[in-house]
Participant: 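My structure is below; once you've seen it, I'll send some questions.
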Amino acid sequence: MINDVISPEFDENGRAMRRIRSFVRRQGRLTKGQQYALDHYWQQMGVEYQAEPVDISTLFGREAPTVLEIGFGMGASLVTMAGNNPQQNFLGIEVHSPGVGACLADAHEAELTNLRIMCHDAVEVLQNMIPNGSLDMVQLFFPDPWHKARHNKRRIVQTPFVELVLSKLKVGGVFHMATDWQPYAEHMLEVMNGSAGYRNLSESNDYVPRPDSRPVTKFELRGQRLGHGVWDLMFERVE
């Protein structure tokens, strides 16, 4: 695995440009199991970043509905979804190596063949690797809410990002978000309502009940015990 999550960007004079990122690169220490998975399973399931479009049917070795998950954490729910839906392709993106290693290990144990994993900036992957109109669903579950007001600009759900997602979805494809931070849920809803080309799948034009397609994580169960809420948003591409 080439560990180059952040690609440099330069202006016309060759000077490096600063870009606001929605994540902080926190590598953490790899366990022996995570390192073993990176060393032994990346070749089967890992996808290196490239600055040109990839053919998704070639990537998975078949034509099938494709789901992209951004920021899968340790990968438990992603592995569960891929195992429960063998008729679909799943591509997961995560910037932290321990999570990538954990996901690889669990996917190998589950003998999954419909899951591919990347370790790179999801925005660059969407911009450069994912063909337009190729995805059936994009999932963004519990992204960093950047609680402090001065950090709100780092939230990944902003108008340019949701427009980028729209271009990668097929007509009829769905952008599914979830957060346990109500101010971020309200921010997401405001951004999505202001973006043309989407239709809110909520009957009340705000949030949807958690669909069966999104597994409940240990993190979410803990939050429920503490009385925390979770807000799901699902928007369909209509044009």
Side-chain angles (χ1 to χ4, degrees), residues 1-5 23 28 30-31 33-50 53-126 128-131 133-143 156 165 168-170 173-178 210-220 232 234:
M1 183 179 76
I2 300 174
N3 200 357
D4 61 347
V5 171
F23 61 88
L30 289 159
T31 66
Q34 291 164 357
Q35 186 64 62
Y36 184 90
L38 288 170
D39 293 340
H40 292 83
Y41 309 142
W42 179 259
Q43 290 296 324
Q44 290 76 44
M45 285 177 279
V47 180
E48 300 290 359
Y49 172 75
Q50 62 184 49
V54 65
D55 185 89
I56 292 182
S57 61
T58 300
L59 187 65
F60 287 90
R62 65 174 185 173
E63 293 275 357
T66 300
V67 177
L68 171 68
E69 178 159 345
I70 296 170
F72 58 72
M74 302 305 283
S77 64
L78 177 59
V79 168
T80 297
M81 286 184 287
N84 290 342
N85 298 278
Q87 77 283 3
Q88 296 179 326
N89 296 330
F90 287 83
L91 175 61
I93 306 174
E94 175 57 56
V95 296
H96 301 123
S97 298
V100 173
C103 188
L104 286 168
D106 290 347
H108 176 78
E109 183 177 355
E111 300 181 342
L112 298 180
T113 60
N114 62 331
L115 176 61
R116 301 291 182 269
I117 297 170
M118 295 192 66
C119 185
H120 199 78
D121 177 358
V123 173
E124 290 187 343
V125 173
L126 282 166
N128 300 320
M129 285 189 68
I130 305 300
S134 63
L135 301 175
D136 293 84
M137 179 171 284
V138 173
Q139 299 176 163
L140 178 69
F141 299 154
F142 306 104
I156 190 170
V165 169
K168 305 304 172 179
L169 287 168
K170 298 175 180 177
V174 173
F175 184 20
H176 181 189
M177 294 156 279
R210 181 188 64 83
D212 292 338
S213 60
R214 183 175 70 77
V216 180
T217 64
K218 292 180 181 178
F219 168 81
E220 187 175 351
D232 281 81
M234 298 183 76

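Residues take their numbers from the sequence shown, with the count starting at 1. Computed from a predicted model, the values in this text were never measured in an experiment.
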Participant: Where is the tightest heavy-atom contact between Ile156 and Pro143, given as atom of each residue plus distance?
Facilitator: CG2-CB, 4.2 Å
Participant: Please report the interatomic distance CD(Gln44) to CZ(Arg116), rounded to the nearest 0.5 Å.
Facilitator: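 Here the interatomic distance stands at 9.5 Å.
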Participant: Could you tell me which residues satisfy side chain to side chain contact (heavy atoms under 4.5 Å, CB included) with Asp212, sequence neighbours excluded, listed by chain and number?
Facilitator: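 Counting only residues at least two positions away or on another chain, Asp212 forms no side chain to side chain contact (heavy atoms under 4.5 Å, CB included).
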Participant: Less than 4.5 Å apart, side chain to side chain, heavy atoms only: is that true for Val138 and Lys168?
Facilitator: no
Participant: Can you sort out the partners of Asp106 under side-chain hydrogen bond (donor to acceptor under 3.5 Å, both in side chains), two or more places apart, ordered by chain and number?
Facilitator: none
Participant: With the side chain counted from C-beta on, respond yes when Thr217 and Phe141 share a heavy-atom pair under 4.5 Å apart, and no when they do not.
Facilitator: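 They are not in side-chain contact.
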Participant: Can you tell me how far apart CE (Met137) and CG (Leu68) are? Round to the nearest 0.5 Å.
Facilitator: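 Going from CE on Met137 over to CG on Leu68, the span is 11.5 Å.
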Participant: Report yes if the side chains of Ile56 and Pro131 come closer than 4.5 Å at any heavy-atom pair, otherwise no.
Facilitator: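 They are in side-chain contact.
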Participant: If I compare all heavy atoms of Met234 with all of Pro211, which pair ends up nearest, and what's the gap?
Facilitator: SD-CG, 3.9 Å
Participant: Decide yes or no for Met81 and Ser213: does some side-chain heavy atom of the first lie under 4.5 Å from some side-chain heavy atom of the second?
Facilitator: no
Participant: Indicate the ring-plane relationship of His108 and Tyr41, choosing parallel, tilted or perpendicular according to the 30° and 60° boundaries.
Facilitator: parallel
Participant: Which heavy atom of Asp232 sits nearest a heavy atom of Ala178, and at what distance?
Facilitator: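 Closest heavy-atom pair between Asp232 and Ala178: OD2-CB, 3.6 Å.
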Participant: Does Asp55 use its side chain to pair, donor to acceptor, with the backbone of Thr58 at less than 3.5 Å?
Facilitator: yes
Participant: Do you know which two heavy atoms are closest between Leu112 and Leu115, and how far apart they sit?
Facilitator: CD1-CD2, 4.1 Å
Participant: For Val165 and Leu140, run side-chain contact (heavy atoms from CB on, under 4.5 Å): C-alpha distance rounded to whole Å, both residues' side-chain angles, the deciding distance at 0.1 Å, then the answer.
Facilitator: CA-CA 11 Å; Val165 169; Leu140 178 69; over 6 Å; no
Participant: Side chains of Phe90 and Glu69: does their closest heavy-atom pair fall under 4.5 Å?
Facilitator: no
Participant: State which residues pass side-chain hydrogen bond (donor to acceptor under 3.5 Å, both in side chains) with Arg62; sequence neighbours excluded, sorted by chain then number.
Facilitator: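 So Arg62 forms a side-chain hydrogen bond (donor to acceptor under 3.5 Å, both in side chains) with Asn89.
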Participant: Listed by chain and number, what are the side-chain hydrogen bond (donor to acceptor under 3.5 Å, both in side chains) partners of Asp136, not counting sequence neighbours?
Facilitator: Lys170
Participant: Identify, with sequence neighbours excluded, every residue that meets side-chain hydrogen bond (donor to acceptor under 3.5 Å, both in side chains) alongside Glu220.
Facilitator: Arg214
Participant: Determine whether Cys103 and Val79 make a side-chain contact, defined as any pair of heavy atoms from C-beta on separated by less than 4.5 Å.
Facilitator: yes
Participant: Please determine whether the number of non-hydrogen atoms from other residues, nucleotides or ligands lying under 6.0 Å from atom CD of Gln87 exceeds 12.
Facilitator: yes
Participant: Specify the closest pair of heavy atoms between Phe72 and Ile117, including all atoms of both residues, with the distance to one decimal.
Facilitator: CZ-CG2, 3.7 Å
Participant: Which atom pair, heavy atoms only, marks the closest approach of Ile130 to Ser134?
Facilitator: CG2-OG, 3.4 Å
Participant: What's the spacing between Gln34 CD and Ser97 OG if we round to 0.5 Å?
Facilitator: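 Interatomic distance, Gln34 CD to Ser97 OG, rounded to 0.5 Å: 9.5 Å.
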Participant: Ignoring hydrogens and angles, tell me if any N or O in the side chain of Ser77 forms a donor-acceptor pair with the backbone of Gly75 under 3.5 Å.
Facilitator: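 Pair absent, no side-chain N/O of Ser77 close to backbone of Gly75.
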Participant: Say whether, by atom type as modelled, one donor and one acceptor occur between the side chain of Glu94 and the main chain of Val100 under 3.5 angstrom.
Facilitator: no
Participant: Roughly how far apart are Leu135 CG and Phe175 CZ, rounded to 0.5 Å?
Facilitator: 11.5 Å
Participant: Identify, with sequence neighbours excluded, every residue that meets side chain to side chain contact (heavy atoms under 4.5 Å, CB included) alongside Met118.
Facilitator: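 Partners of Met118 under the side chain to side chain contact (heavy atoms under 4.5 Å, CB included) test: Val47, Tyr49, Leu91, Ile93, Val125, Met129.
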